[in-house]
Each structure stands twice: as structure tokens, then as C-alpha cells.
**Q** 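Pasting a structure here, questions to come.
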2 protein chains.
Amino acid sequence: MKQIFRPAEKLNRLPVFLMEQVVKQYRQEAQKALKAAQAGISVDQWIVLKQVSENNGCSQVEIAQSTVKDAPTTTRTIDQLVNKELIEKQLDPNDRRKYMVFVTDKGLQLIERLLPVVQSYRKLPVKGFLKEEQDTLLQLLNRMLNNLK
Amino acid sequence: MKQIFRPAEKLNRLPVFLMEQVVKQYRQEAQKALKAAQAGISVDQWIVLKQVSENNGCSQVEIAQSTVKDAPTTTRTIDQLVNKELIEKQLDPNDRRKYMVFVTDKGLQLIERLLPVVQSYRKLPVKGFLKEEQDTLLQLLNRMLNNLK
DNA sequence: GAAAATTTGTTTCATTTACAACTATTTAAG
DNA sequence: CTTAAATAGTTGTAAATGAAACAAATTTTC
């Protein structure tokens with residue numbers, strides 16, 4: 001017997017339900033693109049690597065804030081990047097609780113190589129969107145975020 | 001020294017990045033609300049339970065499709081609901097690969113009790129949204145989804 | 001009607017994640 | 001100055017997730 005497809009009409013009217021699917025699909029595409037480029041890092045690792053490169057010498061707390069991840073996740077992601085020699089940690093002499101995190105040459109080279117790949121897959125979900133549609137989307141998402149915090 | 005907050009301006013212009021935060025915050029709020037109501041189930045379990053009740057006797061594949069989860073996840077969620085005696089599985093006599101999944105009385109009672117709780121937290125993210133803004137949001141999300149599939 | 005392909009559901013494994021507890025250091029209070 | 005509180009970062013653990021491999025049953029193809 002042929003499979004009857006029953007769309008979940010109610011669920012599809014829930015923005016967050018759709019958003020979960022978009023996020024999941026997007027992450028799959030992004031991960032696939034990074035793998036195809038033999039990046040050797042995950043999407044989350046890319047985000048942290050890029051943040052470090054843009055705020056060279058910043059602390060882990062600052063990275064956690066800017067990437068909106070919690071402390072343990074940030075610790076582990078940074079560890080992974082250190083193991084791959086893409087970034088380095090150095091104790092802050094002025095505050096020995098802190099580490100200052102720096103991008104390495106190898107990290108910079110990887111960023112340069114991957115930048116076009118990342119820019120490419122980031123365009124994917126909003127393909128065909130007018131500039132004002134993108135703005136509307138961002139505005140609505142920010143309002144949702146404010147409602148939840 | 002006071003912590004300087006540096007917003008990641010670039011990341012905050014990425015719709016998917018904002019959406020991840022919305023989804024995460026929303027799930028936390030939803031889980032908190034269910035816990036406060038002593039629901040005894042997770043958000044995902046709720047979704048499956050509700051789907052089963054609306055399609056009584058349906059197969060696991062149908063549940064997986066309507067909830068947009070993969071097969072292993074669906075198997076596990078159904079197991080959990082069976083353990084809690086909120087649903088029941090029964091072999092389909094016409095096709096012994098399939099299970100027919102039914103909601104129990106206990107399941108129905110729980111649904112009735114939780115429905116107002118769920119309806120309440122679902123309104124949260126779109127608080128203050130005009131009807132047309134919600135429609136715009138859904139339309140944009142669906143377009144993103146189509147771009148990704 | 002037998003072999004191949006498909007469908008349904010489960011299990012295993014590696015990764016990711018959130019939450020809580022913990023150490024070490026610095027800052028604030030009395 | 002000494003204790004209490006806050007901050008930075010790590011570790012452990014339990015749960016969720018996805019991919020792949022798998023078994024069982026059914027359908028399709030020749």
C-alpha cells in the first residue's frame with residue numbers, strides 16, 4: 001500500500017517548529033561544505049576560530065558571549081582548536097584566572113582558505129531574498145528573541 | 001576590571017544564528033513550563049504524544065514524517081511514551097513490519113491537562129506580533145526551508 | 001514462484017549538549 | 001587583614017542526536 005503523506009498542518013504553523021528544521025538543514029549543508037573543502041573543523045569550531053581571529057587575545061568568556069555558547073562548550077571547542085594548532089592559549093599575566101586566546105598562522109591560513117566556502121553556504125538559506133526581506137526577517141527574529149529573554 | 005560586552009555584529013546579521021538562539025531559548029522555556037506543570041514528559045515527547053492522539057493507530061513512519069524527526073529518534077521517543085503508559089504499540093495484522101500506535105486513556109488525560117500549558121508557552125515567542133507579521137514570518141521561513149531542500 | 005529491492009523498525013556508536021559540581025584566582029566587605 | 005562573594009575556567013555525567021549497520025517483513029521484477 002502506498003504511503004499516505006499527512007502534513008502536520010498545525011505544527012507547520014509554529015514558527016519555532018519551522019526554525020528547528022531550517023537550522024538542522026542548514027547545519028547539515030554547512031558541515032557538508034566544510035567537509036568537501038577538507039576543512040578539518042566543524043561549524044562550531046569555525047565560528048570560534050573566526051571570533052578569535054577578530055578579537056585576538058580575548059578571553060574565553062568573551063568568546064562564549066560573542067558566540068552565545070555556554071562556558072563548558074566554549075572550553076571544549078577551544079581545546080579542539082588548540083589541538084589542531086589553529087589557536088593558542090596564554091595565561092593573562094594581569095589576571096591568572098584568564099587565558100588570552102590567539103589565532104596561529106596556521107589558523108589564519110585556514111580562515112583565508114575557508115572564507116569563500118563559508119560565505120557561500122551562508123547565502124544558501126536566503127537565496128532569492130530581497131534586502132528588505134532579509135531585514136524584515138532579522139527584525140522579526142530579534143523581536144522573538146527579546147520576547148524570550 | 002569590568003567585563004566589556006562585545007556584541008558579535010556580524011553573527012547577529014545571520015538569520016540562522018539568531019534562529020538557533022530562539023530555538024534554544026524557546027525549548028528551555030517550554031521545558032520549564034512542562035516541568036512546572038509536573039508533566040513528566042519532554043517537549044519532544046509532547047509533540048509525539050499529540051501527533052499520536054490526532055492520528056490514532058498510525059505507524060511510526062507516519063509519526064516520524066509528521067514530526068520531522070528521523071527514525072531512531074522516533075523509535076526512542078515512542079519507547080519512552082510507552083514506558084510511561086501514555087501510548088501503546090500493537091502489531092499491524094496486515095503488515096507485520098508495522099506497529100500501530102495508539103494513545104491510552106492516561107495519555108488522553110495528560111494531553112487534556114497539558115494543553116493549556118502548551119498553548120501558553122507557544123504564544124510566548126510571537127507575543128505582540130500582528131497576524132500579518134506572523135504570516136510574513138511563516139512565509140519567509142518556508143522559503144528558507146525550500147532553499148535548503 | 002524465486003531473487004532483488006524496498007519498507008519498517010531497532011540497535012550501536014561516536015558526537016554534542018546542558019547542567020551541576022568543582023578548582024583557582026581575584027575582588028569586595030566588614 | 002581576613003573572610004565572603006564573584007569570576008574564569010574545567011571536569012563529570014547523563015541525555016539527546018545522527019549516521020550507519022542491521023533484522024524482519026513485504027513488494028516488485030523477471
Side-chain angles (χ1 to χ4, degrees), chain A residues 1-5 20-21 23-32 34-35 40-48 52 57-83 87 89-101, chain B residues 1-5 20-21 23-32 34-35 40-48 52 57-83 87 89-101:
Chain A
M1 195 198 297
K2 197 76 182 198
Q3 176 69 50
I4 299 163
F5 178 67
E20 282 181 353
Q21 296 172 54
V23 169
K24 198 194 291 182
Q25 291 281 338
Y26 173 79
R27 290 186 75 91
Q28 277 183 4
E29 290 298 324
Q31 198 57 66
K32 200 190 303 175
L34 286 181
K35 191 171 183 179
I41 61 175
S42 70
V43 178
D44 291 310
Q45 287 168 23
W46 163 264
I47 302 245
V48 168
V52 170
C58 67
S59 72
Q60 300 193 181
V61 170
E62 290 173 300
I63 295 171
Q65 286 180 348
S66 66
T67 59
V68 196
K69 299 283 178 188
D70 63 7
T73 300
T74 303
T75 290
R76 285 166 184 138
T77 306
I78 287 177
D79 272 0
Q80 293 161 344
L81 290 172
V82 169
N83 285 336
I87 61 176
K89 287 165 69 169
Q90 202 176 308
L91 263 180
D92 184 336
N94 300 322
D95 186 341
R96 290 183 314 178
R97 293 170 302 182
K98 289 187 186 175
Y99 286 97
M100 299 184 300
V101 186
Chain B
M1 197 198 297
K2 197 74 180 202
Q3 177 69 49
I4 299 162
F5 178 67
E20 282 182 352
Q21 295 173 56
V23 169
K24 196 195 291 181
Q25 291 280 338
Y26 173 80
R27 291 186 75 92
Q28 278 184 4
E29 290 299 323
Q31 199 56 65
K32 200 191 300 176
L34 287 180
K35 190 171 184 180
I41 60 175
S42 71
V43 178
D44 291 309
Q45 288 168 23
W46 164 264
I47 302 246
V48 168
V52 170
C58 67
S59 71
Q60 300 193 182
V61 170
E62 290 173 298
I63 296 172
Q65 286 180 347
S66 66
T67 59
V68 197
K69 298 283 178 186
D70 60 10
T73 300
T74 304
T75 292
R76 288 165 187 138
T77 307
I78 287 177
D79 272 359
Q80 293 162 346
L81 290 172
V82 169
N83 284 336
I87 62 177
K89 287 166 68 170
Q90 202 177 308
L91 264 181
D92 184 338
N94 300 323
D95 187 341
R96 290 183 314 178
R97 292 170 303 183
K98 288 187 187 176
Y99 285 100
M100 300 184 300
V101 186

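Worth knowing before you read on, the calculation uses all heavy atoms, side chains too, and leaves out hydrogens, waters and symmetry mates. Just so it is clear: chains get the letters A, B, ... in the order the sequence lines come, proteins before strands, and each one is counted from 1.
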**Q** Verify the contact: side-chain N or O of B:T73 to OP1 or OP2 of D:dA16, cut-off strictly under 4.0 Å; return yes or no.
**A** no

**Q** For the residue pair B:R27 and B:D44, establish whether any side-chain heavy-atom pair is separated by less than 4.5 Å.
**A** yes

**Q** Heavy atoms only, 4.0 Å cut-off, all strands: where does A:T75 land among base, sugar-phosphate and nothing?
**A** base

**Q** Which residue, A:P93 or B:I78, contacts DNA chain C at a nucleotide closer to its 5' end, judged by nearest heavy atom?
**A**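 Residue closer to the 5' terminus by nearest nucleotide: B:I78.
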
**Q** Tell me: CG of B:D95 to C1' of D:dA24, nearest whole Å?
**A** 11 Å

**Q** Between P on C:dT7 and CG on B:N94, what's the gap in Å once rounded to a whole number?
**A**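 Value for this atom pair: 19 Å.
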
**Q** What integer distance in Å separates A:Q65:CD from D:dT7:C1'?
**A** 12 Å

**Q** Under 4.0 Å between a side-chain N/O of B:Q31 and OP1 or OP2 of C:dA18, yes or no?
**A**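 So the side chain of B:Q31 is outside the cut-off, no N or O lying under 4.0 Å from OP1 or OP2 of C:dA18.
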
**Q** Rounded to the nearest Å, what distance is computed from the NZ atom of residue A:K98 to the P atom of nucleotide C:dT26?
**A**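 That distance rounds to 11 Å.
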
**Q** Evaluate the side-chain proximity of A:K69 to A:T77: yes if any heavy-atom separation is below 4.5 Å, no if none is.
**A**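 No - every pair of side-chain heavy atoms lies 4.5 Å or more apart.
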
**Q** Given side chains that start at C-beta, do those of A:P93 and A:M100 come closer than 4.5 Å, heavy atoms only?
**A**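 Of all side-chain heavy-atom pairs linking A:M100 with A:P93, at least one is under 4.5 Å.
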
**Q** Looking at C:dT10, I'd like to know if its phosphate oxygens (OP1 or OP2) sit under 4.0 Å from a side-chain N or O belonging to B:Q60.
**A**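 For B:Q60, the contact criterion (side-chain N or O under 4.0 Å from OP1 or OP2 of C:dT10) is met.
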
**Q** Is any side-chain heavy atom of B:D92 closer than 4.5 Å to one of B:Y99?
**A** no

**Q** Taking NZ from A:K24 and C1' from C:dT16, how many angstroms apart are they, rounded to a whole number?
**A** 14 Å

**Q** Can you tell me the distance, in whole Å, between the CD1 atom of A:I41 and the P atom of C:dT15?
**A** 16 Å

**Q** Dump every N/O contact between nucleotides 12-14 of chain D and the protein below 3.5 Å, one line per pair.
**A**
from: D:dG12; atom 1: N7; to: A:R76; atom 2: NH2; distance (Å): 3.0
from: D:dG12; atom 1: O6; to: A:R76; atom 2: NH1; distance (Å): 3.3
from: D:dG12; atom 1: O6; to: A:R76; atom 2: NH2; distance (Å): 2.7

**Q** So B:Q80, base contact, sugar-phosphate only, or nothing? Heavy-atom distance under 4.0 Å.
**A** sugar-phosphate

**Q** Donor-acceptor pair, distance only, cut-off 3.5 Å: does the side chain of A:Q31 make one with the backbone of A:V43?
**A**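 A pair under 3.5 Å: yes.
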
**Q** Looking only at N and O atoms, is any donor in the side chain of A:R97 or the base of D:dT7 less than 3.5 Å from an acceptor on the other one?
**A**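 Present.
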
**Q** Could you tell me whether the side chain of B:Q60 and the main chain of B:A71 form a donor-acceptor pair under 3.5 Å?
**A** no

**Q** Mind checking the CG-OG1 spacing from A:D79 to A:T74? Nearest 0.5 Å is all I need.
**A**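 Those atoms lie 11.0 Å apart.
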
**Q** Within a strict 4.5 Å, meaning less than it, do heavy atoms of the B:K89 and B:L81 side chains meet?
**A**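 No, their side chains stay 4.5 Å or more apart.
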
**Q** Let's see if you can work this out: which of D:dT10, C:dA18, C:dG9 has an atom nearest to the side-chain heavy atoms of A:K89?
**A**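 Within the option list, the nearest is D:dT10.
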
**Q** Round to a whole Å and report the spacing from CG of B:D70 to C1' of C:dT12.
**A**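 It is 14 Å, rounded to the nearest whole Å.
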
**Q** B:Q28 has a side chain; which of D:dA8, C:dC19, C:dG9 sits nearest to it?
**A**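 Output: C:dC19.
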
**Q** For B:E29, check side chain to side chain contact (heavy atoms under 4.5 Å, CB included) against everything at least two apart and list the hits.
**A**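 So B:E29 forms a side chain to side chain contact (heavy atoms under 4.5 Å, CB included) with A:L148, B:K32, B:L124.
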
**Q** Rounded to the nearest Å, what distance is computed from the CG atom of residue A:N83 to the P atom of nucleotide C:dT15?
**A** 13 Å

**Q** Using five pairs at either end of the helix from C:dG1-D:dC30 to C:dG30-D:dC1, determine the angle between the two local helix axes and round it to 10 degrees.
**A**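 For the helix from C:dG1-D:dC30 to C:dG30-D:dC1, the axes at either end differ by 20°.
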
**Q** Where each residue is assigned the nucleotide of DNA chain D containing its nearest heavy atom, which of B:R96 and B:R27 is assigned the position nearer the 5′ end?
**A** B:R27

**Q** Considering only D:dA8, C:dT17, D:dT17, which nucleotide approaches the side chain of A:V61 most closely?
**A** D:dA8

**Q** Any side-chain heavy-atom pair from A:I63 and A:C58 closer than 4.5 angstrom?
**A** yes

